[in-house]
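Taking it in order: structure first as structure tokens, then the write-up.
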2 protein chains.
Amino acid sequence: MIDASDASLPPAAEPVVSVEAIQPDKTPRTERGKRTLRRLLDAAAAEFGERGYHEASISGITQRAGAALGTFYTYFDSKEQVFRALVDHMGRLTRQWIADRVAAAPDRITAERLGLEAFITFARSHKDLYRIVMEAQFVAEDAYRAYYRVFAEAYRRNLALAGSRGEIRPGADEERAWALIGMSVFLGLRYGIWDDSRPAAEVAAAVADLIAHGLTPAMGAAQTGPATGPKP
Amino acid sequence: MIDASDASLPPAAEPVVSVEAIQPDKTPRTERGKRTLRRLLDAAAAEFGERGYHEASISGITQRAGAALGTFYTYFDSKEQVFRALVDHMGRLTRQWIADRVAAAPDRITAERLGLEAFITFARSHKDLYRIVMEAQFVAEDAYRAYYRVFAEAYRRNLALAGSRGEIRPGADEERAWALIGMSVFLGLRYGIWDDSRPAAEVAAAVADLIAHGLTPAMGAAQTGPATGPKP
DNA sequence: GTGAAACCTGAGTCAATGTTCAAGTTTGTA
DNA sequence: TACAAACTTGAACATTGACTCAGGTTTCAC
């Protein structure tokens, strides 16, 4: 469900000359208008999510919303604009979802596991929006970059902070941030969108081990013997 | 540069009744034809890479190739078919590129670093094809999935083998494979496509440390003291 | 050299769909 | 209730671009 208030731009602190004088504001004024806008946003998310940006049509959106074609343009300037509104919406939704689920983590390593699990869970329960964000790379690249830049910067800060606290080894936090985001995105795709039969917690735990300890065998436990071969 | 032979489908071992009898084969027979096909493939890669699938036009491709519009359909059935041919081509090219650069690695951990570096380098030197593969998710999803399934399966096998050799800690190799691929893809995008000013080896080394040892501080060296604060 | 197959050409066809708009209906306020 | 603003409607417009095709040119085996 889309929050209708997201369609409007952030209020720009009392402009001297209202922009609406030139470009009429498309914010709904009545209750009916608000309901219609919400229906259109939900319909747009479904249409874009199912058919992709280019296959999606405005008439498909308005049909889903039970509105006439022209009504769309009462609330949006163009096909691309709704799409951008949805990408933007998704950004805030994702950050909130993950932040909520990571807040209680006692340390960074735990936070990584919970964050990963939250990401996969989120992808599963918002497949439409997830696809929209991914497609933004080709439809609204600036929005796409902005989406991940915000993520990466926050991630980098968290890693730096954890490093200074001794919770993790200090290191190249920017590269780490992008690497960890890439992990999440792909795992979200593979275990969230393509196949959601595996428990998210299980996948997250498996990968959290990789994030915590890497691939290197534990020192002193170096096994050179034959741990090989299938069980008979 | 595209290898023109990639445009044809894999030879299907002497069919009893040639398919060409029904659907005429579009393989070039003369030298001139081969040259034209190659020009068209290169042009298509450039057009799709620069403008994206939907913005790209057949006339754009033929113009780049210095051919007439109709010539395109002498060699391809549709816009989507060339696109798929390019995705397929990219798959083989990537695997070859990485395999070449990883072959000499003495162990899995080294292979990870070299593979990551190779991936970033590859993205940089084939930006067009890289973008085409990413967009395949929305244009030819089955081809996209196939592309990564092949990667992931090979990766999983390598990890399992390394695990049995004691080069790495045994673990959930499928999840690990997808996580590591996700890393590469995002790092390729961030440090290969968006900004290629950082030396690939540097980025790879930074992340290889994460892959090898994870985020956990070295045991016994747990630092609780103030390793914090900016240098004065 | 010759002729048939292969190849090239580009104007034209055709369907799809983003966007506009003038006319009608509903809402909310005074 | 009255009326202006807000909202709705869907036919019509305009553009775009994938794909076809009939006729001309080039290649190459013989």
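All figures in this text were calculated on a predicted structure; none of them were measured in a lab. Every chain is numbered from 1 and lettered A, B, ... according to where its sequence line falls, protein lines coming before strand lines.
A cation-pi arrangement is absent between R176(B) and W178(B), since the terminal nitrogen or guanidinium carbon is not both under 6.0 Å from the aromatic centre and inside a 45° cone about the axis. Cation-pi geometry between R101(A) and W97(A) is met: the NZ or CZ atom falls under 6.0 Å from the ring centre, inside 45° of the normal.
In this entry the distance linking CZ of F76(A) with P of dT17(C) reads 20 Å, nearest Å. The nearest whole Å value for the distance from the CG atom in D25(A) to the C1' atom in dC7(D) is 14 Å. K34(A) places its NZ atom 13 Å from the C1' atom of dT27(C), with the value rounded to the nearest Å. As rounded to whole Å, 18 Å separates atom C1' of dT19(C) from atom OH of Y75(A). Summarising the geometry, the separation between CD on E31(B) and C1' on dA6(C) is reported as 13 Å, rounded to the nearest angstrom. Going from atom CD of E80(B) over to atom C1' of dC19(D) covers 15 Å, rounded to whole Å. The nearest whole Å value for the distance from the CG atom in L69(B) to the P atom in dA11(C) is 10 Å. In this structure, D77(A) atom CG and dT19(C) atom C1' are separated by 11 Å, rounded to whole Å.
Residue T30(A) has no polar side-chain atom (N or O) positioned under 4.0 Å from OP1 or OP2 of dA6(D). One finds no side-chain N or O of Y73(A) lying less than 4.0 angstrom from the OP1 or OP2 phosphate oxygen of dT20(C). Applying the 4.0 Å criterion to OP1 and OP2 of dA6(C), one finds that R29(B) has a side-chain N or O inside that range. For dC8(C), neither phosphate oxygen OP1 nor OP2 lies less than 4.0 angstrom from any side-chain nitrogen or oxygen of T74(B). A close approach under 4.0 Å does occur between a side-chain nitrogen or oxygen of T36(B) and OP1 or OP2 of dC8(C).
Comparing S59(B) and A68(A) against DNA chain D, the residue whose closest nucleotide sits nearer the 5' end is A68(A). When each of H54(A) and T71(A) is assigned the nucleotide of DNA chain C with its nearest heavy atom, H54(A) is the one assigned upstream, toward the 5' end. Between R35(B) and S78(B), the residue whose closest nucleotide on DNA chain D is further toward the 5' end is S78(B).
Looking at heavy-atom distances under 4.0 Å, I58(B) makes contact with sugar-phosphate atoms alone, never a base. Residue contacts shown for A65(A) are absent, as no nucleic acid heavy atom lies under 4.0 Å away.
Aromatic rings from Y155(B) and F151(B) are positioned such that their centres are separated by 6.0 Å or more. Outside the 6.0 Å centre-distance limit, the rings of H126(B) and Y130(B) are not counted as a close aromatic pair.
The two residues R64(A) and A46(A) make their nearest non-hydrogen contact at NH1-CB, 3.6 Å.
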